[in-house]
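Taking it in order: structure first as structure tokens, then the write-up.
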Number of protein chains: 2
Amino acid sequence: MTTILIADDHPLFRAALKQAVMASFTDANIHEADSLSGLEELGHKSLPFDVILLDLHMPGTHGFSGLIYLREQYRKVPLVVISATEDVDVIQRAIHFGADGFIPKSASVETMTEAMKKIMAGERWLPEYARRAMPPTLPDHSAMSERITSLTPQQFRVMGMLMEGMQNKVIAYELDVSEATIKAHMTAIFRKLGVRNRTQAVLALKDLAIEPPSVDSNP
Amino acid sequence: MTTILIADDHPLFRAALKQAVMASFTDANIHEADSLSGLEELGHKSLPFDVILLDLHMPGTHGFSGLIYLREQYRKVPLVVISATEDVDVIQRAIHFGADGFIPKSASVETMTEAMKKIMAGERWLPEYARRAMPPTLPDHSAMSERITSLTPQQFRVMGMLMEGMQNKVIAYELDVSEATIKAHMTAIFRKLGVRNRTQAVLALKDLAIEPPSVDSNP
DNA sequence: TGCCACCTAAGACCAAGGTCTAATACCGAC
DNA sequence: GTCGGTATTAGACCTTGGTCTTAGGTGGCA
């Protein structure tokens, strides 16, 4: 039996993806998550996933940080990034940060099935156009990746809220702990990231953002 | 006589560009600047530029903020962005933020001349490949653009140093003013940007960054 | 069983950030 | 010449951020 994790915040697409997967893997045991925290909750109950399908834009991922972090949590599990974007640069970076494959949401069911089978067999799979544009990069972990993977789960969560511009007091309230605890986490985060305060942390982490296109204003 | 401003931090390229310009505009009166602050210094002495050639990556520009800011300072002056990138998305955003044209550094002298003449005549000029990919966007100022243009010159300078992760005390030292002054500027900046503290300011401004590609680590 | 990593927290303490008021000065515009 | 915007600063005041020390609780693991 195949155990599959679908992590996507779009319920409709999650359902569609589930259908597509079950068409090919009739005996599949499918788990779903609509956020990183939701994912962590069920992660402990049923660890042995055979493949993880991750939406890059899921809440809590904060650019590529979520991918980097998940990659570390599930070192051995094939990890496929699913995304609405078809930007070659984004695909390239997803692979760089440890994804075993990249499937655009526009792909056909057949393509998705083929991709997943290849990836579960240990191969890498990319859309054809991205494969052509892909330089033969070797596995290479940036300094920032290593720093992010060294964060504990709670520290990662706090980091995410920091990246939302939230104040310590607010974060403490949201996580239902004391402000002293948040401060302790912050100090630890700064040390691990090699920065001196939250402003510098934001600057360092923002380089892992996915989005360059901020052309549109509010319409 | 044609008065031209070349704003580029690369001396060699600046010289080359100067040569190219003089070949076509023999009577040109050319001013140079290697940074935004340098540009502002000579801006007051000789305002009536006929065209401004701006390197996107010049020190002090901080992504597209510098373009947005310059565009406001010289409303009527044709503004051409010169850049080493040929990324269509960057070109698109440069135009979106008010540039009248975009010339890649790889362009030939003839192409540059043609482009400048077109732009000084009031037309828009883009590389052919970008023109094809360019959707017919109408002039549209994002909320953030307007906010940045409302900054005073000194506030813009302080904002830039904030984006470097510098502390108030350090900024005060660099600008040779008191920390109280910097704090006053910060308060004004936060108000204008519609944020509550420096962390949120960084987050808001980082969306105007040029650079998505942070794939490489330190080798 | 003991060790270790993690999460939590309090208290003390200091640094940094941020607001407000009030004041002086320069400069360009009308 | 006056008015308004900008730049500057001081001082008082308060909030937020950040470090250090110490310490209790949990859960995994050998």
Side-chain angles (χ1 to χ4, degrees), chain A residues 37 40-41 43-48 69 72-73 148-204, chain B residues 37 40-41 43-48 69 72-75 148-204:
Chain A
S37 48
E40 274 171 357
E41 280 173 23
H44 290 283
K45 286 182 288 187
S46 49
L47 267 171
Y69 187 71
E72 174 70 13
Q73 296 291 297
I148 287 177
T149 57
S150 75
L151 296 176
T152 69
Q154 189 74 339
Q155 285 167 3
F156 185 80
R157 219 167 290 131
V158 171
M159 181 212 79
M161 300 172 87
L162 165 62
M163 293 302 287
E164 302 288 333
M166 297 166 70
Q167 295 178 316
N168 290 343
K169 196 179 295 184
V170 181
I171 298 175
Y173 178 81
E174 291 280 326
L175 295 181
D176 198 27
V177 298
S178 80
E179 191 180 348
T181 304
I182 299 303
K183 286 186 176 184
H185 283 316
M186 285 293 178
T187 300
I189 291 171
F190 298 157
R191 269 205 239 287
K192 287 185 177 178
L193 296 186
V195 298
R196 302 180 56 173
N197 52 48
R198 57 178 60 227
T199 305
Q200 292 181 0
V202 167
L203 285 165
Chain B
S37 47
E40 274 171 356
E41 282 173 22
H44 289 284
K45 285 182 287 185
S46 49
L47 269 170
Y69 187 71
E72 175 70 13
Q73 295 290 299
Y74 301 91
R75 292 166 180 277
I148 288 177
T149 57
S150 75
L151 295 178
T152 68
Q154 188 74 340
Q155 285 168 4
F156 184 80
R157 219 167 291 132
V158 171
M159 180 212 78
M161 299 171 89
L162 165 61
M163 293 303 288
E164 302 289 333
M166 297 166 69
Q167 294 177 320
N168 289 344
K169 196 180 294 185
V170 180
I171 297 176
Y173 178 81
E174 291 279 327
L175 295 182
D176 198 27
V177 297
S178 81
E179 190 180 351
T181 304
I182 299 302
K183 286 185 176 184
H185 284 318
M186 285 294 179
T187 299
I189 291 171
F190 298 157
R191 269 204 239 287
K192 288 184 177 178
L193 297 187
V195 300
R196 301 180 56 173
N197 53 49
R198 63 216 286 116
T199 306
Q200 292 182 0
V202 167
L203 285 166

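Residue numbers begin at 1 in each chain, while the letters A, B, ... track the order of the sequences.
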Interatomic distance where [atom1] belongs to [X] and [atom2] belongs to [N] [whole Å]:
X	N	atom1	atom2	answer
Phe156(B)	dT6(D)	CZ	P	16 Å
Ile182(A)	dA9(C)	CD1	P	9 Å
Glu179(A)	dA10(C)	CD	P	11 Å
Asn197(B)	dC14(D)	CG	P	21 Å
Ile189(A)	dC7(C)	CD1	C1'	13 Å
Leu175(A)	dT8(C)	CG	P	7 Å
Gln200(A)	dG17(D)	CD	P	16 Å
Gln167(A)	dG18(D)	CD	P	11 Å

*Are His185(A) and Ile171(A) close enough that some pair of their side-chain heavy atoms sits under 4.5 Å apart?*
no

*Could you say whether Ala180(A) or Val177(B) is positioned toward the 5' end of DNA chain D, judged by the nucleotide with the nearest heavy atom to each?*
Val177(B)

*Would you mind telling me which residue lines up with the more 5' stretch of DNA chain D, Thr187(A) or Asp176(B), judged by nearest nucleotide?*
Asp176(B)

[N] phosphate, OP1 or OP2: any side-chain N/O from [X] under 4.0 angstrom?
X	N	answer
Gln155(A)	dC6(C)	no
Lys169(A)	dT16(D)	yes
Asn168(A)	dG17(D)	yes
His185(A)	dT8(C)	yes
Ser178(B)	dT8(D)	no
Arg198(A)	dG18(D)	yes
Arg196(A)	dA15(C)	no

*Remember a base hit wins even if backbone is also touched, and classify Thr181(A) as base, sugar-phosphate or nothing at under 4.0 Å, heavy atoms.*
base

_Given 3.5 Å as the limit, does a donor-acceptor pair link the side chain of Glu179(A) with the main chain of Ala172(A), or not?_
no

_So does Gln200(B) get a backbone contact from the side chain of Asn197(B), meaning a donor-acceptor N/O pair under 3.5 Å?_
yes

*Any idea which heavy atoms bring Arg198(B) and Gln167(B) closest together, and the distance?*
NH2-CA, 3.9 Å

*Over all heavy atoms of both residues, which pair between Leu203(B) and Glu164(A) is shortest? Give the atoms and the distance, please.*
CD1-C, 3.9 Å

*Nucleotide nearest Lys183(B) when distance is taken to its side chain, options dG17(D), dT19(C), dC20(D)*: dT19(C)

